[in-house]
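Below, chains carry the letters A, B, ... as their sequence lines are ordered, and counting in each starts from 1. What you see below is based on every heavy atom in this structure, not just the backbone, and it leaves out hydrogens, waters and symmetry mates.
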Number of protein chains: 2
Amino acid sequence: MAKSRQHKAESRKAILDSAARLFRERGVEGVTVAEVMQDAGLTHGGFPRHFSSKQELVTEALAAVFQANQDAPILPTDSLQVFAAAYLRPQHREAVGRGCAFAALGSELVRAPDHTRATLTAEIRRQIDELAKTTSREQAIGAWSAMVGAMMLARIADNEAFSDEILNGTKAFLGA
Amino acid sequence: MAKSRQHKAESRKAILDSAARLFRERGVEGVTVAEVMQDAGLTHGGFPRHFSSKQELVTEALAAVFQANQDAPILPTDSLQVFAAAYLRPQHREAVGRGCAFAALGSELVRAPDHTRATLTAEIRRQIDELAKTTSREQAIGAWSAMVGAMMLARIADNEAFSDEILNGTKAFLGA
DNA sequence: TTGATTCGATGACGATTGTCATCTAATAAT
DNA sequence: ATTATTAGATGACAATCGTCATCGAATCAA
């Protein structure tokens with residue numbers, strides 16, 4: 001087992017990647033620190049060398065997701081309609097662990113500590129600003145809210161036909 | 001302490017009311033069974049007389065909220081715009097414990113067991129059907145998604161001005 | 001009135017989980 | 001080369017929490 005400084009950075013990245021995926025898939029409280037570490041190929045004991053608490057891991061993992069999405073956006077932002085059509089695809093609904101963090105964790109994040117909320121608020125702002133480049137600010141806000149809400153509702157729905165109707169209905173509503 | 005049959009029904013109702021409020025305020029995993037019972041004026045030991053598990057309480061509490069909202073709707077449904085204007089008020093944002101269960105618990109409910117998801121799916125359907133009485137089905141789906149998403153995002157935002165902008169922007173987007 | 005039920009209280013148990021102490025081995029510093 | 005650091009493993013601890021056992025007291029059936 002390598003113990004170099006470079007290896008530590010790689011471990012940290014692996015932990016953040018595992019955390020970001022698992023938290024979105026199962027919720028923050030649905031995943032233990034030990035599970036995250038195991039998923040990253042480590043054991044639970046090494047955790048304190050990287051993060052001082054689980055909450056810090058949550059904040060850092062979300063920040064990493066947002067940074068990655070800023071550096072290399074997954075969805076096209078040519079226009080609001082193009083973005084919405086991509087966001088509202090069934091593939092996104094199924095890939096919870098790699099999809100929008102707000103749709104996956106939104107209602108839990110409402111109760112996150114201040115430091116985490118600050119990171120989240122900045123990302124909401126960034127996302128709206130990005131979309132507002134090709135349309136009005138009100139459209140950007142309303143449409144993105146619709147996407148996030150629709151994705152969440154489509155995931156709650158227990159049958160595919162109705163879930164699809166939510167996604168497609170919202171897509172049509174947004175002219176996408 | 002009364003132990004009559006009537007009193008048991010009253011206790012059950014008190015437990016459901018407390019649960020529905022506390023779960024929405026703090027999340028399902030953020031509230032213990034003991035806290036719900038205490039809030040209802042009882043101790044934790046009486047819980048099994050009413051519900052066989054915490055998960056059953058979650059399902060029943062949500063079902064009760066939906067039933068109550070169907071019997072005596074809180075928000076006006078005269079038109080989609082009127083409903084949206086009422087839904088997106090700051091008072092709703094602040095009253096998490098008495099507000100929309102989807103905005104308060106949505107992302108946690110995605111991972112709820114089948115039985116709970118069935119109840120939730122039925123309520124989503126009912127809500128959309130209700131709104132679709134005064135507009136197109138696509139409008140009903142897209143607009144309601146926008147309301148739920150906007151309320152969640154507005155609650156995540158850590159400053160009131162931006163939170164208000166999300167609510168008002170969505171309101172304007174929906175023509176409300 | 002008497003006996004059977006059962007609501008709700010007290011108390012405890014077992015499982016889970018975040019965090020920390022300690023040990024080891026490999027790396028970095030001198 | 002020798003020493004000091006430190007990433008990461010093993011193991012344990014304390015706290016939390018869902019659930020159940022048991023008991024007392026009040027109600028309902030007879």
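- If you check every strand for non-hydrogen atoms under 4.0 Å, Val31(B) touches sugar and phosphate atoms only.
- Toward the 5' end of DNA chain C, the nearer of the two residues Pro48(A) and Thr32(A), judged by each one's closest nucleotide, is Thr32(A).
- Axis angle across the helix from dT1(C)-dA30(D) to dT30(C)-dA1(D), with five pairs used at each end and values rounded to 10°: 20°.
- Using bins of under 30°, 30° to 60° and over 60° for the plane-to-plane angle, the ring pair Phe102(B)/Phe66(B) lands in the parallel bin.
- For Ser11(A), the side-chain atoms get nearest to dG8(D) when compared with the rest of dG8(D), dG8(C), dC20(D).
- The listed nucleotides are dG18(D), dA9(C), dT19(C); the one nearest the side chain of Val33(B) is dG18(D).
- Per the geometry, NE2 belonging to His50(A) stands 17 Å off C1' belonging to dG18(C), to the nearest Å.
- Distance Leu42(A) CG to dT6(D) P: 19 Å, rounded to the nearest Å.
- Using a cutoff of 4.0 Å between basic side-chain nitrogens and carboxylate oxygens, Arg111(A) and Glu25(B) are not scored as salt-bridged.
- The pair Glu123(A)-Arg126(A) counts as a salt bridge, with a side-chain nitrogen and a carboxylate oxygen less than 4.0 angstrom apart.
- If you take CZ of Arg26(B) and C1' of dC17(D), they are 14 Å apart, rounded to a whole angstrom.
- Rounded to whole Å, the distance from NZ on Lys8(A) to P on dA25(C) is 21 Å.
- For the pair Gln38(A) CD and dG8(D) C1', the computed distance is 15 Å after rounding to whole Å.
- At whole-Å resolution of the value, CZ in Arg12(B) and P in dT6(C) are 17 Å apart.
- Side-chain atoms of Ser163(B) and Arg93(B) include a donor-acceptor pair closer than 3.5 Å.
- Taking every side-chain heavy atom of Lys54(A) into account, dT19(C) is the closest of dT19(C), dA9(C), dT19(D).
- No hydrogens or angles were tested; on distance alone, nothing pairs the side chain of His44(B) with the base of dG8(C) as donor and acceptor under 3.5 Å.
- For the pair His7(B) and dG8(C), the criterion of a side-chain N or O lying under 4.0 Å from OP1 or OP2 is met.
- Protein atom CZ of Phe51(A) is 20 Å distant from nucleotide atom P of dT17(C), rounded to whole Å.
- Candidate nucleotides dT19(C), dG18(D), dT6(D) were compared by shortest atom distance to the side chain of Arg49(A), and dT6(D) ranks first.
- At a threshold of 4.0 angstrom between heavy atoms, the contacts of Thr43(B) include nucleobase atoms, whether or not backbone atoms are also involved.
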Arg98(B) vs Ile74(B), side-chain contact (heavy atoms from CB on, under 4.5 Å): CA-CA, chis, key distance, verdict: CA-CA 10 Å; Arg98(B) 267 172 265 112; Ile74(B) 297 173; over 6 Å; no

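- Using modelled atom types, one finds no donor on one side chain facing an acceptor on the other under 3.5 Å when comparing Thr134(B) with Ser79(B).
- A donor-acceptor pair shorter than 3.5 Å cannot be found between the side chains of Thr43(A) and Gln38(A).
- The nearest whole Å value for the distance from the CE atom in Met37(B) to the C1' atom in dG18(D) is 13 Å.
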